[in-house]
Visitor: 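Take this structure first; my questions come after.
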Amino acid sequence: MGGEISMGFEDSYNFNKIEVKWQKQWEKDDLYQVPDYSEKPKYYCLEMFPYPSGKLHMGHVRNYSIGDVVSRYMTMKGYNVLHPMGWDAFGLPAENAAIANGIHPSVWTYDNIASMSKQLKELGISYDWSREIATCHQGYYRWTQWLFLQLFKHGLAYKKKAAVNWCPSCATVLANEQVKEGACERCSSEVEKRELSQWFFKITEYADRLLEDIKLLEGWPEKVKLMQENWIGRSEGAELEFKLSDSEDSISVFTTRPDTVFGVSYLVLAPEHPLVEKLIENKPQAEEIRRFVKKVRNLSEIDRTSTETEKIGYLTGAYCNNPFTGEMIPVLVANYVLLEYGTGCVMGVPAHDQRDFEFAKKYNLPIKIVIQPEGQIIDPLNMNEAFIGEGVMTNSGKFNGIPGVQGIKAVIDFAEEKGIGKGVVNFRLRDWLISRQRYWGAPIPIISCDNCGEVPVPEEALPVELPINVEFKPTGQSPLAECPDFVNTVCPLCGSKAKRETDTMDTFMCSSFYYYRYTSPRDTERVWDKKKVEEWLPVDQYIGGVEHAILHLLYSRFFTKFLYDINLVSNVEPFTNLLTQGMVLKDGAKMSKSKGNVVSPEEIISKYGADTARLFILFAAPPERDLEWSDQGVEGSFRFLSRVWRLVVPLATRFSDRSKPELETLSGANRDMHRLVHQTIKKVTEDIGNRFNFNTALSSIMEMVNGMYQYREIPQDQRDDRVLNEGIEALLLMLSPFAPHMTEEIWELMGRSGSIHSQAWPEYSQEAIQQESVEIVFQIKGKIKDRILVPSGLSAEELKEEVFSRENVKNLIEGAEILKVIAVPGKLINIVTK
RNA sequence: GCGGGCGUGGCGGAAUGGCAGACGCGCUGGACUUAGGAUCCAGUGGGAGUGAUCUCGUGGAGGUUCAAGUCCUCUCGCCCGCACCA
């Protein structure tokens, strides 16, 4: 190693100095600003924007490190890359902080944005900060309101009174998507049902398209697509009408098994069903049933929908007529029927539905077999469970003998013909409840007038500004209602006194279109320039946590379809490829304050630098998988970067000759080193470009560095500096998306002009990778017996010939009876003997 | 209950059906050193053997195949999503 330590540069890796230096320089040079239009092909790389909670956590660091590598890689690959960042800045924590500490939500939020954007800059993420947006900024929420008005005008935003999810702790209503296992997604309090008048978006109108277009999402994880599919929950069936015996009313029932209609022995209404009161009026059991209904209504969502809850039912005393059999069957009320699904009433077919079976057993209701499984006789007397499989219709009049799906169709056809029912498609998806009884959100731009009803605020009057001087006591009413200056206004239509809507919008509304706004972040004339949206959208790569699999990702898809319909965008889906990153764990558990296992990014950055933090997080696991935090692993990543520094910096200034080595002139160790460099370029390019396996990309870069250390040990007169130089250049370029600061510093030390981040990604040469010889595994009956070096590029036949000519192979197979020889070129030979 | 994912050394993790454990951490030994928790080099799945080697080994049991961590069937464990959806 003698004589290689030159003078005049840092000889230890001073990450602190380097990182600050380059962050300043990049900002000064506007290095990451991207033009709206370019000759280059576009690439839109987006990470889910964060809620400005105050500090970055490791999940953020992971999310943005992944996005940054993708962006930098694609930039080097010659794309015009849009990589913006912003803030999902409305929401409850700001308001809760205001209540707790007397800081205005706005001040709290903007302070947090300031400190988090500083942290992001310290991580060296390549954002185009000129496009930064914050959803709580007037210049943004004006368009949130404008889009609400568009939905309203198209009949997709409406107000209705309904039993809605109420979180007592957050003091606001929630959308179905925000309720997890009967509890508030945000604070885990048990959700209650309240009868309230609320604003909804008709996402159900798009149910079919949202489901149908899932098949366009080839770049999405199957898991997310399945979750959306299940959430939308399409099911085909029929609605059948059952006439009540002593009234003109009829009850409509949804069923997926109309072929079992001859086996209906009762109907069951949901307790909240509007007909219940009518049916029990003047009946002796009326009071008892009213008490039951009240009790069920008061149950928490969790108890209400748990399969554990005992099924309880009451006879209403009313009867109806099965239009297929003419039978009189009783109408019941029971706790297990849900008003919101289907028609709020189900037909009980105990023989062919497990729930009905158990319910019928409990209440001694008749069980009638109408589907006969093939090759098996079933009898109500000795059944222990319902037969829910396919079979042949039986005891079903003229339908007898019709099998499976055909039966379903036959019954529907008959019902439609007779006007007693029809085939329908039912969805589990409900409309999206978007009003919130809280302050820190975009006000719903509606004015309520006694004469004119719900009147939209005229577009030119937007934004409806959020008043600043408001009390934030959570009362269950929006704090805006306590603000007379805000509430009192005049009707835009008739000019008479009117009141503003005081609820604000669900913040998921704000995040449903932000990725469009990034293309026109400062446009004050329109929500965005459609030409720019067409230039950039759809997002090529979206990256974020799987917790949004339904919420944000479904809402964004819904918005996109609506925006497409009103001609504001030309894409039908917003995100072409989706990467859902795994969680960051410590000691096997998600990092959380309560568990005390939090590692703060600040701490790691100040101790090891941003490059190390990024490197570790990308090296420790592939991006989709959960990542186990390891302090020692971080140490190792730091060690690796230092090792690169020590390898490269002493050599960096040595070479003025930048010519590439000529393959023909290389041999021995020089040829091997040259090959390793090109193999590594190939591997790293594929690992990043094809499959986002940053961990394996880094491990092959490490192998190359190890190889270069070995190579450096060779006496100077025997090695080729051009090979070493080429290796160093490739190493720095490939490492630059991971460790942008250190590689930039060395690039400068080498006297190269321009930023390393503006360079082209290295190319490999196929000839350089070519091996002269390869090691072949020699197996007998699948057991490895020897490894044999043969010339590369042999065909299967040539390989056999070559291998069988070897002495040791001859010895190994001596006397054996060979049945078969399998030769895989470049890999192995397997001999099957008797 | 339904749907999905995952089970590989002491640990994080590699392996288009073709050499299991790349790379990193940790550990062991050596070099350099006043010193090393720095750095460099070497070794490192279990068992047997002085040794070249042999043998077992990817949660478990079967199967397909010349060849299985990888494909199929069953099973166990953990994680996630949905959960009385008619």
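Any value given below was found using the heavy atoms of this structure, including those in side chains, with hydrogens, waters and symmetry copies removed. Just so it is clear: chains get the letters A, B, ... in the order the sequence lines come, proteins before strands, and each one is counted from 1.
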Visitor: What nucleic acid atoms does A:E222 come within less than 4.0 Å of, heavy atoms only: base, sugar-phosphate, or nothing?
Guide: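 Answer is nothing: A:E222 stays at 4.0 Å or more from every strand.
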
Visitor: List the steps and the verdict of salt bridge (Lys or Arg N to Asp or Glu O under 4.0 Å) for A:R234 and A:D208.
Guide: CA-CA 8 Å; A:R234 183 178 196 274; A:D208 248 330; 3.6 Å; yes

Visitor: For the C1' atoms, the ones on B:U70 and on B:G21, what distance do you get once it is rounded to whole angstrom?
Guide: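 Comparing C1' positions in B:U70 and B:G21 gives a spacing of 15 Å.
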
Visitor: Mind checking the P distance from B:U58 to B:A68? Whole angstroms is fine.
Guide: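 Here B:U58 and B:A68 have their P atoms 12 Å from each other.
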
Visitor: What is the distance, to the nearest angstrom, from the CD atom on A:E181 to the C1' atom on B:G81?
Guide: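 Taking CD of A:E181 and C1' of B:G81, I get 9 Å after rounding.
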
Visitor: Give one of base, sugar-phosphate or nothing for A:G342, where a contact means two heavy atoms less than 4.0 Å apart.
Guide: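 The residue A:G342 makes no contact with any strand.
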
Visitor: What about A:K820: does its side chain form a donor-acceptor pair under 3.5 Å with the base of B:C66?
Guide: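 Between B:C66 and A:K820, which were checked side chain against base, a qualifying N/O pair under 3.5 Å is absent.
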
Visitor: Check whether any side-chain nitrogen or oxygen of A:R639 sits under 4.0 Å from OP1 or OP2 of B:C25, and answer yes or no.
Guide: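 So the side-chain polar atoms of A:R639 do come within 4.0 Å of the phosphate oxygens OP1 or OP2 of B:C25, strictly under.
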
Visitor: Provide, to the nearest angstrom, the distance between the CG atom belonging to A:D353 and the C1' atom belonging to B:C84.
Guide: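 Spelled out: CG on A:D353 to C1' on B:C84 is 10 Å.
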
Visitor: Would you please confirm or rule out a distance under 4.0 Å between OP1 or OP2 of B:G24 and any side-chain N or O of A:N706?
Guide: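 A:N706 to B:G24 OP1/OP2: side-chain N or O found under 4.0 Å.
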
Visitor: Using the P atoms only, state how far B:C71 lies from B:G4, rounded to an integer number of Å.
Guide: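 Rounded to whole Å, the distance is 15 Å.
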
Visitor: Using the C1' atom as the point on both nucleotides, what is the distance between B:A31 and B:A38, in whole Å?
Guide: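 14 Å, rounded to whole Å.
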
Visitor: Would you say B:G13 has OP1 or OP2 under 4.0 Å from some side-chain N or O of A:T696?
Guide: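 Indeed not, no polar side-chain atom of A:T696 lies that close.
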
Visitor: Walk me through whether A:F638 and A:L615 qualify under side-chain contact (heavy atoms from CB on, under 4.5 Å).
Guide: CA-CA 8 Å; A:F638 179 71; A:L615 193 80; over 6 Å; no

Visitor: Distance check, P atoms only: B:C79 and B:G43, in whole angstrom units.
Guide: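 To the nearest whole Å, 40 Å.
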
Visitor: So does A:K223 get a side-chain nitrogen or oxygen closer than 4.0 Å to the phosphate oxygens (OP1/OP2) of B:G5?
Guide: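 No, outside the criterion.
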
Visitor: RNA chain B: A:E340 or A:V777, which has the more 5' nearest nucleotide?
Guide: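 Counting from the 5' end, the first nearest nucleotide belongs to A:V777.
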
Visitor: Between A:K683 and A:E703, does any side-chain N to carboxylate O distance fall below 4.0 Å?
Guide: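 Looking at A:K683 and A:E703, the cut-off is not met.
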
Visitor: Checking A:R643 against A:F640: charged group under 6.0 Å from the ring centre and within 45 degrees of the axis?
Guide: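 Here A:R643 fails the 6.0 Å and 45° test against A:F640.
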
Visitor: Determine if the base of B:G60 is syn or anti; take syn to mean the glycosidic torsion is within 90° of 0.
Guide: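 You should classify B:G60 as anti.
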
Visitor: Starting at atom CD1 of A:I617, determine the distance to atom P of B:G12, rounded to an integer number of angstrom.
Guide: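 Nearest whole value for this atom pair: 17 Å.
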
Visitor: Can we say A:E229 and A:K225 salt-bridge, meaning some charged N sits less than 4.0 Å from an Asp/Glu carboxylate O?
Guide: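 Salt bridge absent between A:E229 and A:K225.
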
Visitor: Expressed as a whole number of angstroms, how long is the span from A:N230:CG to B:G4:P?
Guide: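 Interatomic distance, CG of A:N230 to P of B:G4: 9 Å.
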
Visitor: Considering just the side-chain nitrogens and oxygens of A:R691, establish if one lies under 4.0 Å of OP1 or OP2 belonging to B:A14.
Guide: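 Answer no for this pair, as no side-chain N or O of A:R691 is under 4.0 Å from OP1 or OP2.
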
Visitor: Can you tell me, in whole Å, how much space there is between the P of B:C23 and that of B:A15?
Guide: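 The answer is 13 Å between these two P atoms.
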
Visitor: Identify the nucleotide, in any strand shown, that forms a Watson-Crick or G-U wobble pair with B:C54, with both distances under 3.5 Å; if there is none, say none.
Guide: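 Per the H-bond distance test, B:G47.
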
Visitor: Looking at the rings of A:Y266 and A:F359, which for Trp means the six-membered one, are their centres under 6.0 Å apart?
Guide: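 Here the rings of A:F359 and A:Y266 have centres that are less than 6.0 Å from each other.
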
Visitor: Under 4.0 Å between any heavy atoms, over every strand shown, what does A:E635 touch: base, sugar-phosphate, or nothing? Just pick one.
Guide: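 The residue A:E635 makes no contact with any strand.
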
Visitor: Counting only side-chain nitrogens and oxygens, does A:R625 get under 4.0 Å of the OP1 or OP2 atom of B:C80?
Guide: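 For B:C80, OP1/OP2 do not have a side-chain N/O of A:R625 under 4.0 Å.
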
Visitor: Does A:K827 make a side-chain N or O approach to OP1 or OP2 of B:G17 shorter than 4.0 Å?
Guide: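 Answer no for this pair, as no side-chain N or O of A:K827 is under 4.0 Å from OP1 or OP2.
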
Visitor: Is there a Watson-Crick or G-U wobble partner for B:U33 with both distances under 3.5 Å, and which nucleotide is it?
Guide: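 B:U33 is unpaired by these criteria.
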
Visitor: For B:A14, does OP1 or OP2 lie under 4.0 Å from any side-chain N or O of A:N695?
Guide: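 True: A:N695 side-chain N/O within range (under 4.0 Å) of B:A14 OP1/OP2.
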
Visitor: Think A:Q710 has a side-chain N or O under 4.0 angstrom from the OP1 or OP2 of B:A42?
Guide: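 It does, given that an N or O in the side chain of A:Q710 lies less than 4.0 Å from OP1 or OP2 of B:A42.
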
Visitor: Once you round it to whole Å, what is the distance between P of B:G13 and CD of A:E624?
Guide: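 In whole Å, B:G13 P and A:E624 CD are 12 Å from each other.
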
Visitor: Take atom P in B:C76 and the same atom in B:U65, then report the distance between them in whole Å.
Guide: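 Those two atoms are separated by 27 Å.
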
Visitor: Base, sugar-phosphate, or nothing: which does A:V337 touch, judged by heavy atoms less than 4.0 Å apart?
Guide: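 It contacts base atoms.
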
Visitor: Please determine whether a side-chain nitrogen of the Lys or Arg among A:K361 and A:E358 lies less than 4.0 Å from a carboxylate oxygen of the Asp or Glu.
Guide: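 Here A:K361 does not pair with A:E358 in a salt bridge, since their nearest N and O are not under 4.0 Å apart.
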
Visitor: Quickly work out the A:L647 CG to B:U39 P distance and round it to whole Å.
Guide: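 Whole-Å distance recorded here is 15 Å.
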
Visitor: Starting at NZ of A:K682 and ending at P of B:U16, how long is that distance when rounded to a whole Å?
Guide: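 The answer, rounded to whole Å, is 13 Å.
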
Visitor: Does OP1 or OP2 of B:C40 have a side-chain N or O of A:R646 closer than 4.0 Å?
Guide: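 So the side chain of A:R646 is within the cut-off, an N or O lying under 4.0 Å from OP1 or OP2 of B:C40.
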
Visitor: If I take atom CZ in residue A:F242 and atom P in nucleotide B:A86, what distance separates them, rounded to the nearest angstrom?
Guide: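 Answer to the nearest Å: 16 Å.
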
Visitor: Could you give the distance separating B:C19 and B:G57 at their C1' atoms, to the nearest angstrom?
Guide: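 After rounding to an integer number of Å, I get 15 Å for this pair.
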
Visitor: Checking side-chain contact (heavy atoms from CB on, under 4.5 Å) for the pair A:V337/A:L269: CA distance, chi angles, key distance, verdict?
Guide: CA-CA 6 Å; A:V337 179; A:L269 291 166; over 6 Å; no

Visitor: Which residue, A:I822 or A:K783, contacts RNA chain B at a nucleotide closer to its 5' end, judged by nearest heavy atom?
Guide: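 In this pair, the answer is A:K783.
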
Visitor: Using a 4.0 Å heavy-atom cut-off across all strands, classify A:I784 as base, sugar-phosphate, or nothing.
Guide: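 Sugar-phosphate only.
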
